[in-house]
Protein chains: 2
Amino acid sequence: MTKARVTVIDIAKAAGVSKSTVSLVLQGSSLVNEGTRSKVNAVMRELGYVYNRGAANLRQASAKSRIVGVVVNDLTNGFFAELAVGVDMVVQSAGFVQFLSNTGESIDRQREVVASMREHGISGLIVSPARATDAADFKPLVAAGIPVVVVVRSLPGAKVSSIVSDNRAGMMSAVKHLAGLGHKRIAFLGGFPDTAVFDDRLAGYRSGVEAAGLDYHEELVISSAPSRAGGVEAIGKAIALGRRPTAAVCFNDAVAFGVCDGLRARRLEPGADFAVVGFDDVIEAQTAVPALTTVSVDPQGIGRRGAQMLLKQINAGKAEAETVTTAVRLVVRESCGAGKTAPARAGKSAKSKQDAE
Amino acid sequence: MTKARVTVIDIAKAAGVSKSTVSLVLQGSSLVNEGTRSKVNAVMRELGYVYNRGAANLRQASAKSRIVGVVVNDLTNGFFAELAVGVDMVVQSAGFVQFLSNTGESIDRQREVVASMREHGISGLIVSPARATDAADFKPLVAAGIPVVVVVRSLPGAKVSSIVSDNRAGMMSAVKHLAGLGHKRIAFLGGFPDTAVFDDRLAGYRSGVEAAGLDYHEELVISSAPSRAGGVEAIGKAIALGRRPTAAVCFNDAVAFGVCDGLRARRLEPGADFAVVGFDDVIEAQTAVPALTTVSVDPQGIGRRGAQMLLKQINAGKAEAETVTTAVRLVVRESCGAGKTAPARAGKSAKSKQDAE
DNA sequence: ACAGATATTTGGAACGTTCCAATTCTGTCA
DNA sequence: TGACAGAATTGGAACGTTCCAAATATCTGT
C-alpha cells in the first residue's frame, strides 16, 4: 500500500537525526550514542524500513555485496545438490546469500550465468566448471579482483583456487578392497573419457589393479554417460564380454545404481552375484537395497570447505590461489558382497556364487 | 589489473558520444543510430565493460532487478532439486537470475533468507513454505508490490498465488486403476496425518474407493513416516490384518519402495502377489525392479509453471492471486501387476540425462 | 532555401547509500 | 572561565545508472 520506499532519510527525519547517523547505526558503528541507536532502531522497525543493498554496493567496493555465485552442472544430481547445500550453510551463516545456477554442462549457459552474476556484483564465485571449460574463462573475474574457487573438477592452467577430492586414492582403495575379496576380473564402468575426473579415477583403478597383482585389461574399462542410464548400458556391455567380470568399480554412484538395475534385470543380485562399488556416497547410497559400497566424497563437506576458502579470500581482499585435495574414504556396505552379513534378505534368488567372499 | 571499474562514462568518452547515448544502447533502444550503436558496442567490448545492475536498480523500480528468490525446504530431496531446476530454466531464459536458498524446514531460517532477499531487491519470490509457516509472513512482501508464488504446499489464508499438484485426482485415478484390475481391498499406506497434502491424498483415495463401488474401511488406512522405513512398517501392519488387502496406494514413492522391500521380506513379489502404486514419480521409479507404477507429479514442471506465473505477475506489475492445481498422470509400470507381462527387460530408460560430476 | 517534421543526441537531476571533513556537544583540567 | 580533548553528529559529495526535457541534426516537400 505504501507507495514510496522508506529510505534512510525518512528514518532520519522521523527520528530527528541526520541520515549520516542512521547510516552509522545501520553499520553498527560504535561511534553512535546508545540512546540514539535504540531510538533509530525503533523508528526503523516502526516504519518498516528495508535496507537497500543495491544503493550501498554502489558506494562500497563490490567485495561488500555479500553475494556469492554458485554454479553447478546438474542440481538434479544429488552430489551437486549436496554441494550446494554445503556452500549455502557457511555462506548463509556468514551473512551472505548465494546465487545458484546450473549449467547442464552447457558451456554457453555457463558463460551467460557467470556474466549475469558479475553484473549483479557478486563478491566471489564457486564453480564446478562445465565440461570443456576453458581455463581462461575466469580470467576476467580474477583480474577484476573477484575470487574464484573451482570445485570438483580442476581447471589446469587457470590460476584460481581449487578443491577436488582424491579421485586416484579413492578408486585405488575400492579396487584393492574388491581384490582382497578374491575378485580377479574387476571392471571400471561409466563416465565420459574426456574429463579430468575420469582420468584420475581410471588412473586410480589401474594403480589398484596393478597393486593387487592383477593384469590391466582395456576391455574391462567401459565408459558411458555418468548417469543411471549409463550404468545400465555399461553393465550390459560388461556382461556380454567373453570372460565376464565378477565385480565392478563405477565412475559414480549414479552409474552404480544403474549397474544394480541392469544386474537385476538379468536376474543377478548385486552384492551376491556381482560386486558393485560406487563413488561419491550420495545420500541414497546408504538406504538403497542393497546398500551401496562406495567411496565417500562428502560433497557437502567440499561445499563447506570451498565456501570457507572463498570467504577467506573475499575478506583478505586478495585471491591467493591454493589447491586442496580432500581425503576420501571407502565405505563398505552390502553391494560389494562383503558387507555386514546383516540384512539377510529372505527370498533372494539363490544363485551359485561365483568366487566372491 | 585495471584498477578502476569501466563505467558508462568511460565508454562515452572513448566513443565520442554522451553517457545518455551509451545508456540508450545498453537498453537496446531503437532511438539510436545504427552506426553509433555498433561503435558503442565495439568500444564496450574493447574496454571490457560490465554492466552495473546495482546502479541501474537504484534508478529503476525494483521490479527491474531481474532477480527472483527461490526458497525450498530441502535441496537434498530430489523433488525440490528438480523444482529448482525447473524454475531456473524459465527464469534464466527470461534473463533473470535466481537466488536460491533452502530452509531445512526451519521457519526462522526462512524468515532470514526472505529478509535478505528483500534487501537485495528481488523482483519476485517462489517459495515452498516451511512447515508451520504463518500465512501472514509474506504480507509485507506483497504489500511492497513484490509478487509471491507459493508452490507445493498451499498457504491457506495468504492471498498469494499458489500452485500445487492435484493430489486428490491423482490418488483417485490410482485407486480406480487398481479397482479396474479387480482388486477389492485396497490399502492407503504411509504419510503423516497432520498435513494438508496427506488430507488431500486421503480424500482422493476415499473418492476413488467409492467411485469404484467399494466400501471405505478405516482399517485400510495406515499412516507412517513418509519414508522407505515407514513403508516397511506400514505394509507389515497391513499384512497382519484379518482380511488382508491385495493392493495398496502409497503416500509417496519412498513409502512405495519400502512396501516393496517389506513384501519381498515376506516372500511376496510386488506386482505379482501384491499390487503397489506410488506417488511423485521420482527418477528411480522408472528404473527400479519392478518398475514402479506411480502418479507422476513432475516437480520440474511445477517449477517451470510457477516461474512463468511469477514472471507474468512481475511484468504485469500487479499481483493478482491465482491458484493453480497442476494435473497429474498415472504412469502404469510393473509394480501394480498390470505392466508388460515380461518383466525380464533391461530397464533402459529413455531419459539419457548427463548428470556427471 | 525554408518551415516543419522526424531522427538523434545530450546535459543535468534523480535513486539510496557511504564516506569524508567539518561541526557541535560534552566534560575536564588548569 | 577558557581551552582542549574526546564523543557524537552532520552536511555535502560521491557511486553508476536511467529518465526527462530540451537541443541539435537530418530530412521532407514546396
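The figures that follow rest on heavy atoms only: side chains count, while hydrogens, waters and symmetry mates do not. Residue numbers start from 1 in every chain, and the chains themselves are labelled A, B, ... in the order their sequence lines are given, proteins ahead of strands.
Side-chain atoms of R59(A) and base atoms of dT17(C) include no donor and acceptor less than 3.5 Å apart. Applying the 3.5 Å distance criterion, the base of dG11(D) shares a donor-acceptor pair with the side chain of S20(A).
The local environment of CZ in R305(A) is sparse, with at most 12 non-hydrogen atoms from other residues, nucleotides or ligands closer than 6.0 Å.
Put simply, CG on N33(A) is 11 Å from P on dT10(D), counting in whole angstrom units. E34(A) places its CD atom 15 Å from the P atom of dA7(D), with the value rounded to the nearest Å. For K19(B) and dC20(D), the NZ to P distance is 14 Å, given to the nearest whole Å. The CD atom of Q60(A) sits 21 Å away from the P atom of dA13(D) (whole-angstrom rounding). Summarising the geometry, the separation between CD1 on I9(A) and P on dC15(C) is reported as 9 Å, rounded to the nearest angstrom. In this entry the distance linking NZ of K13(B) with C1' of dT10(C) reads 15 Å, nearest Å. Spacing between atom CG of L24(B) and atom P of dT18(D) amounts to 9 Å, rounded to whole angstrom units. Between the P atom of dC20(D) and the CD atom of Q27(B) lies a distance of 11 Å, rounded to the nearest Å.
Of the residues near DNA chain C, L58(B) and V17(B), the one whose nearest nucleotide (by heavy atom distance) lies more toward the 5' end is V17(B).
Between E320(A) and K159(A) there is no salt bridge, since no side-chain nitrogen of the basic residue lies less than 4.0 Å from a carboxylate oxygen of the acidic one. Look at R66(B) and E119(A) and you find no salt bridge, because none of the NZ, NE, NH1 or NH2 atoms lies under 4.0 Å from a carboxylate O. A salt bridge does not link E112(A) to R109(A): none of the charged side-chain nitrogens sits closer than 4.0 Å to a carboxylate oxygen.
For S18(A) and dT9(D), the shortest distance from a side-chain N or O to OP1 or OP2 is not below 4.0 Å. Taking only side-chain nitrogens and oxygens, S23(B) never comes nearer than 4.0 Å to OP1 or OP2 of dT17(D). Phosphate contact (OP1/OP2 of dC15(C), side-chain N/O of T7(A), threshold under 4.0 Å): absent.
Taking CD1 from I67(B) and CG from L125(B), the interatomic distance works out to 12.5 Å, rounded to the nearest 0.5 Å.
Listed nucleotides dT9(C), dC19(C), dA8(D) differ in distance to L31(B); the shortest reach to its side chain belongs to dT9(C).
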